[in-house]
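Let me begin by presenting the structure, written as structure tokens, before commenting on it.
Quantities reported herein were computed from a predicted structural model and do not represent experimental measurements. Basis for what follows: all heavy atoms, side chains included, without hydrogens, waters or symmetry-related copies. Below, read A as the first sequence line, B as the second, and so on, with proteins coming before strands; counting in each chain starts at 1.
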Protein chains: 2
Amino acid sequence: MRRPTLEAVAARAGVSRATASRVVNGQTTVAPHIRDAVLRAIDELGYVPNSAARSLVTQRTDSIALVVSEPGTRVFSEDPMFSTAIRSASMELEAVNKQVVLMMASSAKSHARLERYISGGHVDGVMLISMHGADPLPSALSRLRVPVVSYGRPAVPVEIPYVDNDNIGGAEAGVRHLVETGRRRIATIAGPQDMIGGQDRLTGYRNVLRDSDHRSIVAVGDFTRESGAVAMRQLLRDDPELDAVFVANDLMAVGALQSLRQAGRRVPDDVAVVGFDDIEAAKYTEPPLTTLRHPVAEQAAAMVRLLLNLFEGGASEPVILPTELVIRESA
Amino acid sequence: MRRPTLEAVAARAGVSRATASRVVNGQTTVAPHIRDAVLRAIDELGYVPNSAARSLVTQRTDSIALVVSEPGTRVFSEDPMFSTAIRSASMELEAVNKQVVLMMASSAKSHARLERYISGGHVDGVMLISMHGADPLPSALSRLRVPVVSYGRPAVPVEIPYVDNDNIGGAEAGVRHLVETGRRRIATIAGPQDMIGGQDRLTGYRNVLRDSDHRSIVAVGDFTRESGAVAMRQLLRDDPELDAVFVANDLMAVGALQSLRQAGRRVPDDVAVVGFDDIEAAKYTEPPLTTLRHPVAEQAAAMVRLLLNLFEGGASEPVILPTELVIRESA
DNA sequence: ATCTCTTGAGAGAGCGCTCTCTCCACCTTC
DNA sequence: GAAGGTGGAGAGAGCGCTCTCTCAAGAGAT
């Protein structure tokens, strides 16, 4: 009891396989009454083209690998940016009838597997999300002659089109807001320095405070709540006088708020806090978080467009999307 | 400049295509020195089997659809349960060399697309995550003669193996905790009643409070923070005397905590709050949330095992995993 | 010495589809 | 009316692989 083939459709419609194929693929050189007969046969038989056979001859698969190169398991599961990006990219690709093959690249073993898979021609292109600086994946993939685009600027200088948000500009805006509201000692909890986002947001912080006396100290987290809480405790220990902290993402800011609360500091009265990302949870912290919003879904959609553009042979310029300061109560 | 084929490997190793295929597929009926020659040729040529050609003949694709049937866009992006489940399932499938094809089923249009895709033989099996009660997908897919398993019990009675956590038992434990700690008027914020998880957790609440005078009122949310905040405001308006609330998931509990704060109620002194899920954020609320933990990753892994078992022809019983009360400060 | 059995390897038929090439019928043009 | 177009449809090759069938060679049994 096998699924019907194009052959069966053709037989039922009384035409050749070639003609049936033409109808299936929407070619216009088929007379209307024949096309109707074929369509009817397709409908009656419940015919669905066999994708394996099709891609065997067309050399296309119509599927795209969405590679999530994640550091710890924690981050991926907890950071809503990931799911938003995945979801948006997925919807966008669905709209153009491409499949999304989701691949996690955590270990070196999975890297090898990934490379083999991708070079195996299973996918037409690759979208890379959030890799670390040391990640060998971008360069490895770009060597594979497979179209690759990246969500976020790759850390190593490699010729891959990417979409990123203006991390530096956003961080600058956030820190500037702290300066303008009269804060004197502005610390920061930076993200992982092997991630571009982590680096750039720290750069933005430094750009504003360079040669000023507002600067305080830097602690480094890994974008998790827990690391934010730890970093905040350390900052309070190292500079008890600080009156503001710029945190490189909202998740860490949530942790920082908790540490501040536990240390008896009032936010924003004693210490102002600015986060980054504007995740949904930022509205629900105590107090609600002032943060920098960037369009994650749009960024993912832009990445998809970039990739599709690559398929068409177009050269793709990197895209940088703006960030926006959202002022709530924490600063 | 085409990728090397099995033919090329065979030629280089001086054997027939059939023998090369035997080596690639790990058959043992090949003499060691010949096997070595083939492996060397594979290595030198960088041969990777063409999956389209392979699945054309084997009628297998080695890929599994992970269908996320989500109601609103919000929930998926923000609820960390989704990403945890997806991640866990994905890792588990990778371990057995299966691909994960991610599919979002939001609109009716995407349902049609999905059915077509799945019945098109693109995937060997389907894993369904979180559908609504009215979701026609489970029955539709089970009709397609494609192996299907579900994350969470399907709302309609359909013969699909599933893995779920003990929603009723968990809710009972949570509400019982409130009773035992002396609460008198225990309200609840229920989940969407077209989702099994929403129904069952409400059932658990009712089971404990049936025929008791502890019972208060029921508000219904949709598992988002926002809906939790709204529902809490409504509960306070309708029963200002309530001294406890059992919230059907942590996300809504976060919203509820905010509303309680805004209403000037102290937690847990005035109102005790119990959530459900034990998401990471539950540790960082003010105060930290007492909630019911259930093993999301294990649940996803069990779902994968169920599906693999189905491939082997084994009959699969539903699996119910236990929940655990995690007592923090909110109750 | 003959026969059967096992082991190892090759030949070749497809899997279901696309796409080029070919051909036929009909229409235009001089 | 013959030559040249043109649109519509079929024939058939082949995409890269697996797998059955076949066969050769050697081992063991009679």
Distance-only, no hydrogens or angles: does the [X] side chain make a donor-acceptor pair with backbone N or O of [Y] under 3.5 Å?
{"X": "A:D43", "Y": "A:L39", "answer": "no"}
{"X": "B:N165", "Y": "B:H294", "answer": "no"}
{"X": "A:D124", "Y": "A:I64", "answer": "no"}
{"X": "A:D62", "Y": "A:K98", "answer": "no"}
{"X": "A:S21", "Y": "A:R17", "answer": "no"}
{"X": "B:N25", "Y": "B:Q27", "answer": "no"}
{"X": "A:S83", "Y": "B:S83", "answer": "no"}
{"X": "B:Q299", "Y": "B:L321", "answer": "no"}

Can you tell which of [options] lies closest to the side chain of [X]?
{"X": "B:V57", "options": "C:dC17, D:dG10, C:dC15", "answer": "C:dC15"}
{"X": "B:L56", "options": "D:dG16, D:dT18, C:dC17", "answer": "D:dG16"}
{"X": "B:S16", "options": "C:dG10, D:dG16, D:dT18", "answer": "C:dG10"}

Rounded to the nearest angstrom, tell me the gap between atom [atom1] in [X] and atom [atom2] in [N].
{"X": "A:L6", "N": "C:dC19", "atom1": "CG", "atom2": "C1'", "value": "13 Å"}
{"X": "B:Y47", "N": "D:dG16", "atom1": "OH", "atom2": "C1'", "value": "7 Å"}
{"X": "B:Q59", "N": "D:dT18", "atom1": "CD", "atom2": "C1'", "value": "11 Å"}
{"X": "A:N50", "N": "D:dG16", "atom1": "CG", "atom2": "C1'", "value": "14 Å"}

Quick check: do A:R3 and A:Y47 have side-chain heavy atoms less than 4.5 Å from each other? no
May I ask you to list the residues of residues 7-14 of chain A, by number, that have any heavy atom positioned under 4.0 Å from an atom of DNA chain D?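 Nothing qualifies; none.
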Hey, can you pull the residues of residues 17-27 of chain A with a non-hydrogen atom under 4.0 angstrom from DNA chain D? A:R17, A:A18, A:T19, A:R22
Using only heavy-atom distances, determine whether the side chains of A:S16 and A:T19 contain a donor-acceptor pair under 3.5 Å. yes
Under 4.0 Å, heavy atom to any atom of DNA chain C: which of residues 30-37 of chain A qualify?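 Nothing qualifies; none.
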Per side-chain contact (heavy atoms from CB on, under 4.5 Å), B:R22 is matched among B:V38, B:I34, B:V30 by B:V30
